[in-house]
Amino acid sequence: MSVTYDDSVGVEVSSDSFWEVGNYKRTVKRIDDGHRLCSDLMNCLHERARIEKAYAQQLTEWARRWRQLVEKGPQYGTVEKAWMAFMSEAERVSELHLEVKASLMNDDFEKIKNWQKEAFHKQMMGGFKETKEAEDGFRKAQKPWAKKLKEVEAAKKAHHAACKEEKLAISREANSKADPSLNPEQLKKLQDKIEKCKQDVLKTREKYEKSLKELDQGTPQYMENMEQVFEQCQQFEEKRLRFFREVLLEVQKHLDLSNVAGYKAIYHDLEQSIRAADAVEDLRWFRANHGPGMAMNWPQFEEWSADLNRTLSRREKKKATDGVTLTGINQTGDQSLPSKPSSVSSYEKTQSYPTDWSDDESNNPFSSTDANGDSNPFDDDATSGTEVRVRALYDYEGQEHDELSFKAGDELTKMEDEDEQGWCKGRLDNGQVGLYPANYVEAIQ
C-alpha cells in the first residue's frame with residue numbers, strides 16, 4: 001500500500017477499504033449528513049402542510065360557492081338537501097385536512113426541530129461538536145498505525161532500490177567480461193560493487209521485514225481502536241435512524257384519515273342524506289305549496305254595504321303622506337331584521353334551463369363561464385315575472401278582510417309593486433292573497 005500520512009494535509013489511499021488511512025472520513029461525514037437529513041425532512045413536512053392547507057381552503061371555497069348557487073337554483077325539497085350534503089361533506093373534510101396540517105407543523109415538524117437541536121451541537125468555529133469528536137477519535141486511533149505504515153513504505157522503497165542497484169551491478173559486471181580493454185583492477189571494482197549491493201539488499205530487506213512485522217503487531221490494536229470509534233458513530237446514527245422511523249410512523253398516523261372515526265362519519269352522513277331524498281315527498285310538498293293543494297279565496301257574491309265601499313276606497317283614506325296612525329305594529333328590533341334561510345320555492349328560484357343536458361362547453365350550464373361569469377345558471381331571471389319574496393320588518397294585523405296579517409320575520413310573496421298610496425298586493429305561503437303596507441317589509445336578498 002502506497003500512502004503518505006500528514007495530520008495537517010490529509011492522506012492519499014490506494015484502495016476503498018475502511019482500514020485505509022483517511023477512509024474513516026466517510027463515517028464522519030455521515031454525522032453532517034444526519035443534520036442535513038433532519039432539515040430535509042422538516043422541509044418535506046412543511047411543504048406537505050402547505051398542500052393540506054391549500055386543499056382545505058379550496059374545499060371550503062368550493063362548498064361556499066356551490067351552496068350559494070344551489071340555494072338560488074330551482075332545486076327544492078329533499079333532493080336539494082341531498083345535494084347540499086356534498087357541500088357539508090367538503091366543509092367537514094376541509095376541517096380534517098386543517099387538523100392534518102396542524103399536526104404536521106405543531107407535532108412532527110417541531111419534534112424533528114427539537115431533536116436536531118439536542119442531537120447536534122454547533123461550534124463557534126463552524127461544524128458540529130459530534131463531527132469533531134468522531135474526527136479526532138479516528139485520527140487518534142489511526143495515527144500510530146499510520147506512522148508504522150509510513151516506515152514500512154520507506155523500508156520497502158529502500159529495499160526495492162537496493163535490489164534494482166544490485167541487478168544493475170550484475171549486468172555491468174557481465175558486460176565487462178566481454179570487453180578486452182578492461183584491466184583486472186576494473187573488473188575487481190565491478191565485482192566489489194556487486195558484493196556491496198548484495199549486502200545493501202540484505203540490510204534493506206531485513207529492515208523492511210522488521211518494519212512490516214511491527215506494523216502487523218500493531219494492526220490488532222489499530223483495528224480495535226478504530227472499531228471502538230466507529231461503534232460510537234454507529235450508535236449515534238442508530239439514534240437518528242430510530243428517531244426518523246418513529247417520526248415517520250407518527251406522520252403516517254396524521255395523514256391516514258381512513259382510521260379517523262370522524263372521517264368515516266362524514267361519508268356515512270352523506271350517504272344517509274342522499275338516501276333520505278324522496279321524490280314523492282318533494283312532489284307532495286310542491287303540490288301543497290305551489291300547486292292544486294294551495295288554498296284559494298274563491299270569488300263569492302258580496303252585497304253592497306258602506307263598509308265594503310270603505311274598503312274599496314281604502315287608497316283614498318290611507319295615504320302614506322297623510323301622517324296616518326298605523327295600528328297593529330309590534331317593532332321587534334332594528335329597522336332591518338337579520339336574514340334567515342328560507343325554504344326554497346319555485347317563486348324565488350324561477351329561471352329557464354336548456355332542455356338538453358350536455359358535457360359540451362357550449363351547452364353545459366355548469367361550464368366555467370356560467371359558474372363564474374354573468375350567465376350563472378342559478379341567477380334569478382329578471383324577466384321571469386314581478387313576484388318577489390319579501391320579509392316582514394314588523395308585526396301587522398289586517399284591519400280589513402282583504403288585508404294580510406303577519407309577524408315580524410315572516411316571509412311572503414309580493415305580487416304587485418307598491419301603488420301610489422303605499423300599499424302592495426301579496427300572497428302568504430298558505431295561499432292567502434291580500435294587501436299590506438309596503439313599508440312593513442323588505443326584499444329578501
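Please read these numbers as outputs of a predicted model, since none were measured by experiment.
Between V433 and L404, the shortest heavy-atom distance links the atoms C-CD2, 3.7 Å. Annotation for A392 and V441: closest pair CA-CG1, 3.9 Å, computed over non-hydrogen atoms. Smallest separation of non-hydrogen atoms from Y436 and L412: CE2-CD1, 3.8 Å. Taking each heavy atom of D282 and Y76 in turn, the nearest pair found is O-CE1, 3.5 Å. The two residues C38 and I112 make their nearest non-hydrogen contact at O-CG2, 3.7 Å. The minimum heavy-atom distance between V70 and W83, with the atom names listed, is CG2-CE2, 3.6 Å.
Between the side chains of T60 and E91, not a single donor N or O lies within less than 3.5 Å of an accepting N or O. Checked by atom type, the side-chain pair S15/E20 shows a donor-acceptor distance below 3.5 Å. Between the side chains of D256 and N259, a donor-acceptor pair is found at a separation under 3.5 Å.
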Let me check something: any side-chain donor-acceptor pairs from residues 118-125 under 3.5 Å, sequence neighbours excluded? List them with distances.
{"residue": "H121", "atom": "ND1", "partner": "E130", "partner atom": "OE2", "Å": "2.7"}
{"residue": "H121", "atom": "NE2", "partner": "E118", "partner atom": "O", "Å": "3.3"}
{"residue": "Q123", "atom": "NE2", "partner": "G126", "partner atom": "O", "Å": "3.3"}

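To the nearest 0.5 Å, atoms CD (E133) and OG1 (T131) are separated by 9.5 Å. A distance of 9.5 Å separates OG1 of T204 from CD of E209, quoted to the nearest 0.5 Å. To the nearest 0.5 Å, atom OH of residue Y267 and atom CD of residue Q272 are 15.5 Å apart. In this structure, NE2 on H46 lies 11.0 Å from CE on M42, to the nearest 0.5 angstrom.
Below 30°, between 30° and 60°, or above 60°: for H290 and F286 the angle between ring planes is between 30° and 60°, a tilted geometry. Between W145 and Y222, the ring-plane angle classifies as parallel under the 30° and 60° cut-offs.
Atom CZ of F86 sits in a sparse spot, with 12 or fewer heavy atoms from other residues, nucleotides or ligands closer than 6.0 Å. Heavy atoms of other residues, nucleotides or ligands lying less than 6.0 angstrom from CD of E206 number 12 at most. When the shell of 6.0 Å around OH of Y55 is examined, it contains 12 or fewer heavy atoms from other residues, nucleotides or ligands.
Salt-bridge annotation for R64 and E61: present, with a side-chain N of the basic residue lying under 4.0 Å from a carboxylate O of the acidic one. Checked for salt-bridge contact, K111 and E246 meet the test: a charged N lies under 4.0 Å from a carboxylate O. A salt bridge is defined here as a Lys NZ or Arg NE, NH1 or NH2 lying under 4.0 Å from an Asp or Glu carboxylate O, and E214 with K148 fails to meet this definition. Of the charged side-chain nitrogens involved, none lies within less than 4.0 Å of a carboxylate oxygen, so that K147 and E151 do not count as a salt-bridged pair. A salt bridge does not link D32 to R36: none of the charged side-chain nitrogens sits closer than 4.0 Å to a carboxylate oxygen. Under the 4.0 Å criterion applied to side-chain N and carboxylate O atoms, D429 and R389 are assigned as salt-bridge partners. Salt-bridge formation is not detected for the pair K81/D278: no Lys NZ or Arg NE/NH1/NH2 atom is positioned less than 4.0 Å from an Asp or Glu carboxylate oxygen. Salt-bridge check for E71 with R67: failed, with every basic side-chain N at 4.0 Å or more from each acidic carboxylate O. Using a 4.0 Å cut-off between a side-chain N of Lys or Arg and a carboxylate O of Asp or Glu, E387 and K414 do not qualify as a salt bridge. A salt bridge is defined here as a Lys NZ or Arg NE, NH1 or NH2 lying under 4.0 Å from an Asp or Glu carboxylate O, and R242 with E238 meets this definition. With respect to the salt-bridge test (charged N to carboxylate O, under 4.0 angstrom), the residues K425 and D417 do not qualify.
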### Task
Report the C-alpha distance between D107 and E250 in whole Å, list the side-chain angles of each, state the deciding distance to 0.1 Å, and finish with yes or no for side chain to side chain contact (heavy atoms under 4.5 Å, CB included).
CA-CA 9 Å; D107 297 341; E250 293 182 6; 5.7 Å; no
### Query
Are H97 and L257 close enough, and set up right, to give a side chain to side chain contact (heavy atoms under 4.5 Å, CB included), and what steps lead you there?
CA-CA 9 Å; H97 282 280; L257 296 180; 3.8 Å; yes
### Task
Test W19 against T219 for side chain to side chain contact (heavy atoms under 4.5 Å, CB included), laying out the working first.
CA-CA 10 Å; W19 302 107; T219 297; over 6 Å; no
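For D192, the salt bridge (Lys or Arg N to Asp or Glu O under 4.0 Å) partners at least two apart in sequence or on another chain are K188. With sequence neighbours left out, E237 forms a salt bridge (Lys or Arg N to Asp or Glu O under 4.0 Å) with R240.
Using a distance-only test at 3.5 Å, with no hydrogens or angles considered, a donor-acceptor pair links the side chain of H159 to the main chain of R205.
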